[in-house]
Amino acid sequence: MIRVLLVDDQPLIRSGFRALLDVEDDIEVVAEAADGSECLALAREHLPDIALIDIQMPVVNGIEATRRIAADPTLAGVHVVILTNYGLDEYVFNALRAGAAGFLVKDIEPEDFLHSVRVAARGDALLAPSITRRLINRCVNQPLHTAADTGLDELTSREREAVALVAQGLSNDQIAGRMVISPLTAKTHINRAMTKLHARDRAQLVVLAYESGLATPRNS
């Protein structure tokens with residue numbers, strides 16, 4: 001069962017998402033919050049698998065709520081998915097760097113919304129190719145870190161190769177095919193890289209790969 005925390009200051013929005021989720025046999029909405037502060041308290045109480053968080057809220061906004069969840073070791077199993085009315089804007093970019101696993105635009109189709117919740121629960125990043133390209137442009141135009149800064153120089157050559165493929169948006173099965181290894185081995189390379197880089201999830205791996213120059217637009 002996928003446990004979901006809904007966080008949005010608009011009751012109608014929360015009701016709409018809850019109506020979609022409640023009819024699914026493998027998804028349970030465990031709590032609702034109207035702001036980021038309430039979100040943190042409920043996340044600690046219920047330990048959901050997914051926190052669907054609106055980016056613009058009173059008291060504590062979605063970016064700060066994401067940052068606090070990512071910084072709390074007791075909430076390491078909570079995957080934050082940002083809800084926004086827009087595409088990849090400044091807010092969403094900052095949310096990804098704060099520790100969000102991805103984001104959803106609120107006008108998403110219902111079947112795509114449900115699929116995305118399940119994808120996030122598996123620990124995969126919600127970054128569509130078009131969004132990844134725009135994220136790449138932000139990272140490479142204003143690089144923030146070197147390989148030494150991020151810890152990439154601690155990775156093995158195979159781990160670096162796997163991270164670069166993650167940055168292209170490839171799944172574990174696709175990475176395994178490119179590297180001619182099993183999907184389990186591909187997952188192992190990625191998990192070890194995440195541990196060495198202190199990355200919360202695949203979305204942070206994408207940011208680190210492009211900020212450090214390990215991945216470039218030519219490879220995407």
Side-chain angles (χ1 to χ4, degrees), residues 2-9 14 29-84 88-104 116-117 119-127 131-132 135 138-139 142-155 159 163 166-167 190-212 214:
I2 300 171
R3 295 161 51 81
V4 177
L5 168 62
L6 290 174
V7 187
D8 196 299
D9 61 325
R14 295 201 309 272
V29 177
V30 295
E32 297 182 24
D35 63 65
S37 178
E38 187 180 5
C39 159
L40 288 165
L42 290 173
R44 294 184 179 112
E45 178 182 351
H46 295 280
L47 297 178
D49 302 299
I50 301 294
L52 294 171
I53 302 179
D54 183 31
I55 210 163
Q56 294 179 312
M57 295 183 297
V59 186
V60 174
N61 64 34
I63 295 173
E64 182 57 29
T66 298
R67 185 176 292 110
R68 293 182 188 182
I69 288 175
D72 188 335
T74 68
L75 300 178
V78 180
H79 301 289
V80 174
V81 176
I82 292 294
L83 299 170
T84 177
L88 184 68
D89 54 14
E90 185 73 19
Y91 295 111
V92 175
F93 177 79
N94 289 336
L96 288 172
R97 296 197 65 219
F103 72 94
L104 296 174
S116 297
V117 169
V119 167
R122 294 199 303 263
D124 292 337
L126 293 175
L127 293 172
I131 299 305
T132 301
L135 176 62
R138 286 295 311 273
C139 291
Q142 294 181 324
L144 300 178
H145 303 292
T146 65
D149 291 334
T150 60
L152 284 172
D153 53 355
E154 298 181 11
L155 303 184
E159 288 166 354
V163 171
V166 168
I190 294 165
N191 287 343
R192 286 176 177 169
M194 288 174 61
T195 298
K196 291 179 179 180
L197 300 177
H198 306 289
R200 183 179 175 86
D201 51 39
R202 294 168 79 102
Q204 287 196 317
L205 278 184
V206 172
V207 173
L208 287 169
Y210 284 104
E211 284 186 340
S212 66
L214 175 61

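All values reported here derive from a predicted model rather than from experimental measurement.
More than 12 heavy atoms of other residues, nucleotides or ligands lie within 6.0 Å of CZ in Arg3, so this atom counts as buried by the packing criterion.
By the 4.5 Å heavy-atom criterion applied to side chains, Ile63 and Ile55 are counted as neighbours. Using a 4.5 Å cut-off on side-chain heavy atoms (C-beta onward), Val4 and Pro48 make no contact.
Leu83 contributes atom CG, which lies 6.5 Å from atom CG of Asp8 (distance to the nearest 0.5 angstrom). Note that the CD1 atom of Ile82 and the CG atom of Leu104 stand 10.0 Å from one another [nearest 0.5 Å]. Taken to the nearest 0.5 Å, the CD1 atom of Ile69 stands 12.0 Å off from the NE2 atom of His79. In this structure, CG on Asn61 lies 8.5 Å from OG1 on Thr66, to the nearest 0.5 angstrom.
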Side chain to side chain contact (heavy atoms under 4.5 Å, CB included) evaluation trace for Leu197 with Leu155: CA-CA 9 Å; Leu197 300 177; Leu155 303 184; 4.1 Å; yes
Evaluate side chain to side chain contact (heavy atoms under 4.5 Å, CB included) for Val81 paired with Val117, printing each intermediate quantity in order. CA-CA 8 Å; Val81 176; Val117 169; over 6 Å; no
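Residues forming a side chain to side chain donor-acceptor pair (under 3.5 Å) with Asp72 (at least two apart in sequence, or on another chain): Arg44, Thr74. Under the side chain to side chain contact (heavy atoms under 4.5 Å, CB included) criterion, Ala31 pairs with Leu5, Leu42, His46, sequence neighbours left out.
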Kindly list each side-chain donor-acceptor pair under 3.5 angstrom involving residues 32-39, sequence neighbours excluded, with atom names and distances?
residue : atom : partner : partner atom : Å
Glu32   : OE1  : Arg14   : NE           : 2.9
Glu32   : OE2  : Arg18   : NH1          : 2.8
Asp35   : OD1  : Ser37   : N            : 2.9
Asp35   : OD1  : Glu38   : N            : 2.9
Glu38   : OE1  : Ala34   : N            : 3.0

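Residues Ala121 and Ile50 share a closest heavy-atom pair of N-CD1, 3.4 Å. The heavy-atom pair separating Leu75 from Ala43 by the smallest distance is CD2-O, 3.6 Å. Contact between Gly99 and Ala70 at its shortest, heavy atoms only, is CA-CB, 4.2 Å.
Evaluated for a side-chain contact (heavy atoms from CB on, under 4.5 Å) with Glu159, the options Glu154, Met194, Arg192 yield exactly one hit, Arg192.
Sorted by first and then second residue, the salt bridge (Lys or Arg N to Asp or Glu O under 4.0 Å) pairs with a member in residues 54-65 read Asp54-Lys106, Glu64-Arg67, Glu64-Arg68; sequence neighbours excluded.
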